Amino acid sequence: MEKNLNIGIVGTGAIGRTHIERINRKLQGAKVTACADANLDFCRSVAEKYGLKVYENGEDMIADDKINAVIVTTLDAFHEEYVLAAIKAGKFVFCEKPLAPEAQACRRIAEAEIAARRQLVQVGFMRRYDPGYRQLKALIESGEYGSPLMLHCAHRNPDAPGFTTDMPVENSMIHEIDVLRWLIGENYISAEVVFPKTTKYAQGALKDPQIMYLTTESGIRIDVESFVNCRYGYDIKCEVVCEEGSLNLPEPANAMVRSKASRMTPICRDWSERFIEAYNVEFQEWINSCRAGVVNGPSAWDGYLGQVAAKAASKARDTQTRIAIKTEPTPDFYKK
Ligand SMILES: NC(=O)C1=CN([C@@H]2O[C@H](COP(=O)(O)OP(=O)(O)OC[C@H]3O[C@@H](n4cnc5c(N)ncnc54)[C@H](O)[C@@H]3O)[C@@H](O)[C@H]2O)C=CC1
Ligand SMILES: O=C1[C@H](O)[C@H](O)[C@@H](O)[C@H](O)[C@H]1O
């Protein structure tokens, strides 16, 4: 049996700490043993809590022979440098979404991986590991309900302090962009974004809600509502309308409470709660695959395809026109 992984994490912020907690206190086969972060003081406090070694910079940690695998949970703008450092060091690297804010940066990472002749990168598109989305994929692939024709989706947050109009597509709906392409097995050919009436709860100039329309190669029409100030909870919906049936993403199994002549079923408050099982499955499978020497989760090319679509949707939003989504042919290196 392969030895346990010693993982180094760059980025001890909100989601970085949830990943340390799940790997070191719940999952098997690996431990986060080291960390680095631009905010060194806070990084030290996290290291003290979990007994980690602190590195003053991420590159030194990544290069250390004692580190077998890397997790990147910094702000988006710094993903590329650390992912490239991990590839250069020949180490498996899990990078939270997005792989990088610009599609060309994702291409640079893919080219570095191809040059290294080893697939080392996995991108944190955790919805592919959610049991509900996996059920939907199995139902579609069964063929029992005919072909998908339309998808109706919603991605709602109770609130989103500091959100600006450019964020719903590239920070939030990037999840739908990836998971829906995985779900139906088709690439996108165009994007549009429209603005319904803005809620009074939108801060500053934020336009909220927004609706993104995607069209796939075979003509499937997808609408994704992003409503980041819905007030009532964190609510994710996905309906796949097929020729002979409608397939719906299951709600999390929260107990219904009957009290005072009423019924109440709690709704999740954020993604860490709604997708807790997806994150755990995602990381256990990543750990297992790293120990086996072959990673097979969302690749750097998936990261590139997602970013190209997201940038097209952003341009559609800013120009209020339909924008074509054009990607480079998939390199043989990434063909399953
Ligand atoms: N998969 C998912 O559902 C989610 C993914 N994310 C992604 O995770 C990443 C982190 O998000 P949060 O934890 O919410 O942000 P955060 O702001 O809480 O943490 C980011 C951390 O990065 C550190 N940092 C910034 N620049 C750095 C640099 N140059 N070198 C090293 N460290 C640096 C900051 O000091 C901070 O500790 C983002 O890319 C975000 O898109 C975030 C939330 C959910
Ligand atoms: O990555 C995420 C989370 O997973 C949520 O789904 C989004 O609403 C959030 O904006 C984003 O940071």
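Start at 1 and go down the list; that is how both ligands and their atoms are numbered. The analysis underlying the following values was restricted to heavy atoms, covering all of them including side chains, and did not include hydrogens, waters or symmetry mates. Keep in mind that this is a model prediction, so the values were computed, not measured.
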| said: Please list, in number order, the atoms of ligand 2 under 4.0 Å from a heavy atom of Asn157. | reply: 8 (O)
| note | If we number the atoms of ligand 2 from 1 as shown, the ones under 4.0 Å from a heavy atom of Lys97 are 1 (O), 2 (C), 11 (C), 12 (O)
| message | Any heavy-atom pair between the side chains of Lys26 and Gln284 that's under 4.5 Å? | response | no
For [atom], tell me which residue out of [options] has the closest non-hydrogen atom.
atom	options	result
atom 5 (C) of ligand 1	Glu170, Glu96, Arg127, His79	Glu96
atom 43 (C) of ligand 1	Tyr82, Trp271, Phe42	Trp271
atom 7 (C) of ligand 2	His155, His175, Met173	His155

Test your reading of the model: is there a side-chain donor-acceptor pair from [X] to the backbone of [Y], 3.5 Å cut-off?
X	Y	answer
Glu217	Asn187	yes
Tyr279	Ser272	no
His152	Asp223	no
Ser172	Val169	no
Asp37	Cys43	no
Lys91	Ile67	yes

To which protein heavy atom is [atom] closest, and what is the distance rounded to 0.1 Å?
atom	value
atom 3 (O) of ligand 1	Tyr279 OH, 2.6 Å
atom 15 (O) of ligand 1	Leu75 CD2, 4.1 Å
atom 6 (O) of ligand 2	Tyr234 OH, 2.5 Å
atom 11 (C) of ligand 2	Asn171 OD1, 3.1 Å
atom 16 (P) of ligand 1	Ala14 N, 4.0 Å
atom 8 (O) of ligand 1	Ile15 CG2, 3.4 Å
atom 38 (C) of ligand 1	Asp76 OD1, 3.3 Å
atom 19 (O) of ligand 1	Gly13 CA, 3.4 Å

How far apart are the closest heavy atoms of [X] and [Y], and which atoms are they?
X	Y	result
Leu180	Cys153	CD1-SG, 3.8 Å
Lys97	Asp76	O-OD1, 4.2 Å
Met61	Val10	CE-CG2, 3.4 Å
Ala300	Ile109	CB-CG2, 4.1 Å
Thr330	Tyr334	CG2-CB, 4.0 Å
Leu249	Ile236	CD2-O, 3.8 Å

| message | Just to check, does Glu96 reach to within less than 4.0 Å of ligand 2 when the distance is taken from its heavy atoms? | response | no
| query | At the 4.0 Å heavy-atom cut-off, does Phe163 count as touching ligand 2? | reply | yes
Taking a cutoff of less than 4.0 Å between a non-hydrogen atom of the residue and any ligand atom, is [X] in contact with ligand 1?
X	answer
Gly58	no
Arg17	no
Phe125	no

Numbered atoms of ligand 1 (with element) below 4.0 Å of [X], judged on heavy atoms:
X	answer
Gly124	1 (N)
His175	1 (N), 2 (C), 3 (O)
Asn39	35 (O)

| query | For ligand 1, is any non-hydrogen atom under 4.0 Å from Met126's backbone (N, CA, C, O), its side chain (CB onward), both, or neither? | reply | side chain
| query | Considering only heavy atoms, does Asp37 approach ligand 1 within less than 4.0 Å through its side chain, its backbone, both, or neither? | reply |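 Looking at Asp37 and ligand 1, atoms from backbone and side chain both fall under 4.0 Å.
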| message | Assess, by modelled atom type and distance only, whether the side chains of Arg156 and Tyr232 contain a donor and an acceptor separated by less than 3.5 Å. | response | yes
| request: Would you check if there is a donor-acceptor pair between the side chains of Tyr50 and Glu21 at a distance under 3.5 Å? | output: yes
Please check whether [X] reaches ligand 1 - meaning an N/O of the residue sits under 3.5 Å from an N/O of the ligand, judged on distance alone.
X	value
Lys97	yes
Ala38	yes
Thr74	yes

| Counting both backbone and side chain atoms, is some N or O of Ser172 under 3.5 Å from an N or O of ligand 2? | yes
| Does the ring of Phe92 carry Arg291 above it, NZ/CZ under 6.0 angstrom from centre and within 45° of its axis? | no
